[in-house]
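The block underneath contains the structure these notes are about, expressed in structure tokens.
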There are 2 protein chains.
Amino acid sequence: MAGPTNTQFSVAVHVLTYLAGMPHDAVSSDQLAGSTGTNAVYVRRVLGRLRDAGVVVSRPGPGGGWQLEHAPAEITLGDVWRVVQEGSTIFGLHAVEPACPVGASIAATLTELDTRLTQSVEAELDRTTVADVMPVGALPEARAAAARA
Amino acid sequence: MAGPTNTQFSVAVHVLTYLAGMPHDAVSSDQLAGSTGTNAVYVRRVLGRLRDAGVVVSRPGPGGGWQLEHAPAEITLGDVWRVVQEGSTIFGLHAVEPACPVGASIAATLTELDTRLTQSVEAELDRTTVADVMPVGALPEARAAAARA
DNA sequence: TAATTCGTAGTCGACATGATGACGATTAAA
DNA sequence: TTTAATCGTCATCATGTCGACTACGAATTA
């Protein structure tokens, strides 16, 4: 039983970490796609939502690209999760007939349970920031900048 | 962004709750499929794993079917989750090149994070049992039997 | 004006999920 | 012993999602 095939969260964290390592330059979608082993359109789709959420900014034209809007230590993985996985649930719910008492009871319980699980997951993710994911030792200047902010 | 389409956990909980309501009779896959709005083969696949885990028993032949192996109050949803979602992860991981320091750091962090999230989710699920999902007021005899065991 | 980059729509293949049909093995009951 | 019900499992199919890819327009800078 394979896990989820949705890699948007994983790619988002990768890209944000990359941007955290280049605090002074805008990075193009093509460059980020190369770094993550995906493609530019996909990167733009993921980053587009993060831009709408105020996590990154984008600039078109030559020398344009993407940059973090905030310091890496101020972006939690919970923030990223909420943006990227918006509206998704931890487990799926099969269709139930409203007439079935068992089905109705289960639907209510599982829905409430999923809410609790989501909160639990987000709380755990909020304990880690983008700065925590940056490679130790590499890019000392970037780490210093992250710490300063 | 749709959630997971995997309904096995949801169907498993539904079926177990149904069985908890019929403590004296074996229930056929066909009947359970009708109750869950799925089909018999699918029910057998899900219940087959739960039987291997010692949660339910099956008997072939006329009058055969499925029954709970333990009292509903002794089966936590965490037990069901561990059986049904075995090997799955909370979030997907995109492929990373081992040569990339950012990628390696991220892979390690996310893998460890996923372990923590899984534990967190299972702990939350362990707080609810099949008996807790049974409809209140309905099937008083079954609830009494669940309480006795 | 030319070049670069984002924004977005559309299409495509790969893959997972469930539904369905088929058929043999097992078991209870007539 | 025969019959019917049921599980066990395989194969196949339809559907939906995900992500790659192409294409083209808009925005911006040099």
Side-chain angles (χ1 to χ4, degrees), chain A residues 1-12 14-15 19 22 25-52 55-67 69 84-89 91-96, chain B residues 1-12 14-15 19 22 25-52 55-67 69 84-89 91-96:
Chain A
M1 295 299 155
T5 53
N6 187 331
T7 63
Q8 291 188 35
F9 176 72
S10 173
V11 168
H14 192 144
V15 164
L19 292 179
M22 309 281 288
D25 306 296
V27 184
S28 73
S29 305
D30 262 322
Q31 225 173 320
L32 294 171
S35 167
T36 52
T38 64
N39 67 87
V41 175
Y42 189 48
V43 167
R44 284 187 210 123
R45 271 215 291 264
V46 175
L47 282 184
R49 310 187 61 178
L50 289 167
R51 179 197 50 218
D52 296 342
V55 177
V56 295
V57 287
S58 64
R59 279 202 328 270
W66 303 84
Q67 269 181 306
E69 175 104 35
V84 171
Q85 306 287 325
E86 181 198 358
S88 79
T89 56
F91 49 74
L93 204 60
H94 72 285
V96 294
Chain B
M1 291 294 160
T5 55
N6 187 333
T7 64
Q8 290 188 36
F9 176 72
S10 173
V11 168
H14 192 143
V15 165
L19 293 179
M22 308 281 288
D25 307 294
V27 184
S28 73
S29 305
D30 262 321
Q31 226 173 318
L32 294 171
S35 168
T36 52
T38 64
N39 67 85
V41 175
Y42 188 51
V43 167
R44 283 188 210 123
R45 269 214 292 263
V46 175
L47 281 184
R49 310 186 63 179
L50 289 168
R51 179 196 51 218
D52 296 342
V55 178
V56 295
V57 287
S58 64
R59 282 200 328 270
W66 304 84
Q67 272 181 304
E69 175 107 33
V84 171
Q85 308 286 325
E86 181 196 359
S88 79
T89 55
F91 49 74
L93 204 60
H94 71 285
V96 294

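The analysis underlying the following values was restricted to heavy atoms, covering all of them including side chains, and did not include hydrogens, waters or symmetry mates. Throughout, protein chains are lettered first and strands after them, A, B, ... in sequence-line order, and every chain is numbered starting at 1.
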Enter the distance from A:Q8:CD to A:Q85:CD here, rounded to the nearest 0.5 Å. 7.0 Å
Length of the line joining A:H94:NE2 and D:dT15:C1', which is rounded to integer Å: 19 Å
According to a strict under-4.0 Å criterion, is A:Q8 in side-chain N/O contact with OP1 or OP2 of D:dC18? no
If you assign each of A:S58 and A:P62 to its closest nucleotide in DNA chain C, which residue comes earlier from the 5' end? A:P62
Which nucleotide in the list D:dC18, D:dC7, C:dG7 gets nearest to the side chain of A:R51? C:dG7
Could you state the interatomic distance from CG (B:L50) to CZ (B:R45), rounded to the nearest 0.5 Å? 14.0 Å
Sort out for me which residue in B:V84, B:T38, B:L47, B:L32 forms a side chain to side chain contact (heavy atoms under 4.5 Å, CB included) with B:V11. B:T38
A:R49 has an atom CZ; how far is it from atom P of D:dG19, in whole Å? 12 Å
Gap separating the CD atom of A:Q31 from the OG1 atom of A:T36, nearest 0.5 angstrom: 11.5 Å
Does the side chain of A:V15 come within less than 4.5 Å of A:V46's, by heavy atoms? no
Distance test, side-chain N/O of A:S29 to OP1/OP2 of C:dC6, below 4.0 Å: yes
From CZ of B:F9 across to P of C:dA16 the rounded distance in Å is 22 Å
Output the single nucleotide from C:dT5, D:dC18, D:dT6 whose closest atom is nearest the side chain of B:S28. D:dT6
Whole-Å gap separating C1' (D:dC18) and CZ (B:F91): 18 Å
To the nearest Å, give me how far apart CZ (B:R59) and C1' (D:dT6) are. 11 Å
Supply the atom-to-atom distance B:L93 CG to A:N6 CG, rounded to the nearest 0.5 angstrom. 12.0 Å
Rounded to whole Å, please give me the gap between CG in B:N6 and P in D:dT17. 14 Å
What's the shortest heavy-atom distance between B:S28 and B:W66, and which atoms? C-CD1, 4.3 Å
Tell me, which of residues 30-45 of chain A have any heavy atom that sits under 4.0 Å from an atom in DNA chain C? A:V41, A:R44
Return the value, rounded to whole Å, for the distance between atom CG of B:L47 and atom P of D:dT6. 15 Å
What is the nucleic acid contact for A:G65, judged by heavy atoms within less than 4.0 Å: base, sugar-phosphate only, or nothing? sugar-phosphate
